[in-house]
There are 2 protein chains.
Amino acid sequence: MAPSHVFDAHPLVQKLESIFALADDEKAAILSMPMQVATLRADQDVVRVGDSPSRSCIILEGMTATYVSTSKGRRQIVSFGIMGDTPDLQSLLLEEMDNSLSTLTPCTLGFVQHAVLRDVCTRFPRIAAALWRSTLVDAAIFRAWMTSIGQREGYSRMAHLFCELVARKRAVGLVEEDRCAFPITQTELADALGMTAVHVNRVLQALRSDGHIVLDQGWLTVPDWDRLVAVADFDATYLHVKENRPAA
Amino acid sequence: MAPSHVFDAHPLVQKLESIFALADDEKAAILSMPMQVATLRADQDVVRVGDSPSRSCIILEGMTATYVSTSKGRRQIVSFGIMGDTPDLQSLLLEEMDNSLSTLTPCTLGFVQHAVLRDVCTRFPRIAAALWRSTLVDAAIFRAWMTSIGQREGYSRMAHLFCELVARKRAVGLVEEDRCAFPITQTELADALGMTAVHVNRVLQALRSDGHIVLDQGWLTVPDWDRLVAVADFDATYLHVKENRPAA
DNA sequence: CGACTCTTTGAATTTTGTCAAACTGAGTGG
DNA sequence: CCACTCAGTTTGACAAAATTCAAAGAGTCG
């Protein structure tokens, strides 16, 4: 069998390894799943409310948004997907989508048939456990967002989101030093934070002038991580990452 | 083997059956799990943030609240638990609790050791799938709450919560006609909806005077379900209940 | 009857949303 | 190379929603 580190090139393996220890044969099984790779432009729907997909996707590159629309034409982004995430894995067990998924940036997605996933889960119960665990972490992230939206004012609410995204990107190696890509528009931030784009803009300026963040040209820099964590009231426990230290 | 309907007396069987079809031997396996039954008074913590429980509970009677506290002393109730729910099932796969669980009313809870649950999941993969599915439904409920808190104003936000709780209670047989127990205080509603108790009180009065609800002595009556659904912008799809018709 | 929690009310304030418009920078085509 | 478009950002003035603070009622329980 190939040396262990070879498997880690696969984003899903890397992601699952960040929350669950996998054996080599389990990693090999994930690697061997037939996967249809597709490239999508920005702002394309991958699945929509009401769909019943027969496959789920893995984000290989790019960023996605999961969202729910209300009848009054407003939308809540309930989650951002980054490399290694499986934003519609739920469709493996829930027939009908209760949310939509779209690309935020150009994306490379890997599609795996539910039948394949089910087969791997049967043959490797620990992979099933890892996937189950990853959906539980997703749920923990939902709880954290709900807490932010419900209880924190704009300033710390936004800081909290920045902390979470940096922590999650760090867990899959997407942060260098104190800097990472941040391709999210203010309108999208507004939809995620439950505030208006105008208000997002004002809060963003406050965070900037207080020196908590530098956000420019789609890149986010956090000059002082501990200070941002403090204003955000951020505790990374809910991400259930095995290792989450600032530097690698 | 005993006739099928005998198993349905177990709240967990009834709950799982509402979202997933189980075979008789699977129901029997659930019934045979050693379960320590405990009675708790209202407002008692069952598990707290940071705990690493070695068992999970099933709500046999009463109502619970899952909540997260912020450093500023505010709390967000992220979920209400009713009969049949397993509000801390996540601890089976996530070591450290990222939320707390407490009773809202006097409760009867059944505690099952994780070792027992793991064993049943191994022997009956379809039970594992049913439990996984139930955690995915919980996540869907989180998304719906987030959407409500983030995008709906107080009036429809509260109406949405009423719809959800009635629909969920109906799915486990806790609604008679258009009426069910509703033992939640206005302060607790406020913590769940991300608003203040004062504002909850005002919105509640508006909902009452508009004839959408009757809430009195811990009982909720919905005179016109369709009208409440309309103001709440409620679509029960996200509950993924196999059967969810108003009348039984 | 207290003691208690829960609900209700009023008034002033703050936060956030709405509307409308101007500005910026990247890309496009004449 | 210069208008031109287009998406995204920024600004100002005003309105609406929700919070805060404070206090008074109501209902329940020992």
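Only this structure's heavy atoms are used, side chains among them; waters, hydrogens and symmetry mates stay out. Each chain gets a letter, A, B and so on, in the order the sequences are listed, and its residues count up from 1.
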For atom [atom1] of [X] and atom [atom2] of [N], their distance in whole Å:
X	N	atom1	atom2	result
B:I149	C:dT16	CD1	P	15 Å
A:E153	C:dG17	CD	P	13 Å
A:R202	C:dT14	CZ	C1'	15 Å
A:E188	D:dA7	CD	P	13 Å
B:M195	C:dT14	CE	C1'	17 Å
A:Q151	D:dA18	CD	C1'	13 Å
A:D216	C:dA26	CG	P	10 Å
B:L189	C:dT8	CG	P	11 Å

With the side chain of [X] defined as its heavy atoms from C-beta on, choose the nearest nucleotide among [options].
X	options	answer
A:Q186	C:dG17, C:dG10, D:dT9	D:dT9
B:T196	C:dT16, D:dT20, D:dG12	D:dT20
B:R157	D:dG12, D:dA18, D:dA22	D:dA18
A:V198	D:dT19, C:dC19, D:dT9	C:dC19

(request) Using a heavy-atom cut-off of under 4.0 Å over every strand shown, decide if B:G194 touches base, sugar-phosphate, or nothing. (result) sugar-phosphate

(message) Restricting to non-hydrogen atoms, name the atom on A:R75 and the atom on A:D191 that form the minimum distance, rounded to 0.1 Å.
(response) NE-OD2, 2.8 Å

(request) Identify the two heavy atoms, one from A:E188 and one from A:P183, that lie closest to each other, and give their separation to 0.1 Å. (result) OE1-O, 4.2 Å

(message) For A:F182 together with A:F162, are the ring centres under 6.0 Å from each other?
(response) yes

Taking only the side-chain nitrogens and oxygens of [X], find out if one of them lies under 4.0 Å from OP1 or OP2 of [N].
X	N	value
A:R208	D:dT9	no
A:N201	D:dT10	yes
B:Q205	C:dT9	yes

(message) Assess the residue pair A:W145 and A:Y238 against the criterion (ring pair (Phe, Tyr, Trp, His ring centres under 6.0 Å)); give the C-alpha distance rounded to whole Å, side-chain angles, the decisive distance to 0.1 Å, and a yes or no.
(response) CA-CA 11 Å; A:W145 280 37; A:Y238 73 93; 9.8 Å; no

(request) Between B:A197 and A:R152, just flag the one whose closest nucleotide in DNA chain C comes earlier from the 5' side. (result) B:A197

(request) Let me know, please, whether A:V200 or A:Q217 comes out on the 5' side of the other along DNA chain C by nearest nucleotide. (result) A:V200

(request) Could you tell me whether a side-chain N or O of B:R55 sits under 3.5 Å from a main-chain N or O of B:V112, the two making a donor and an acceptor? (result) no

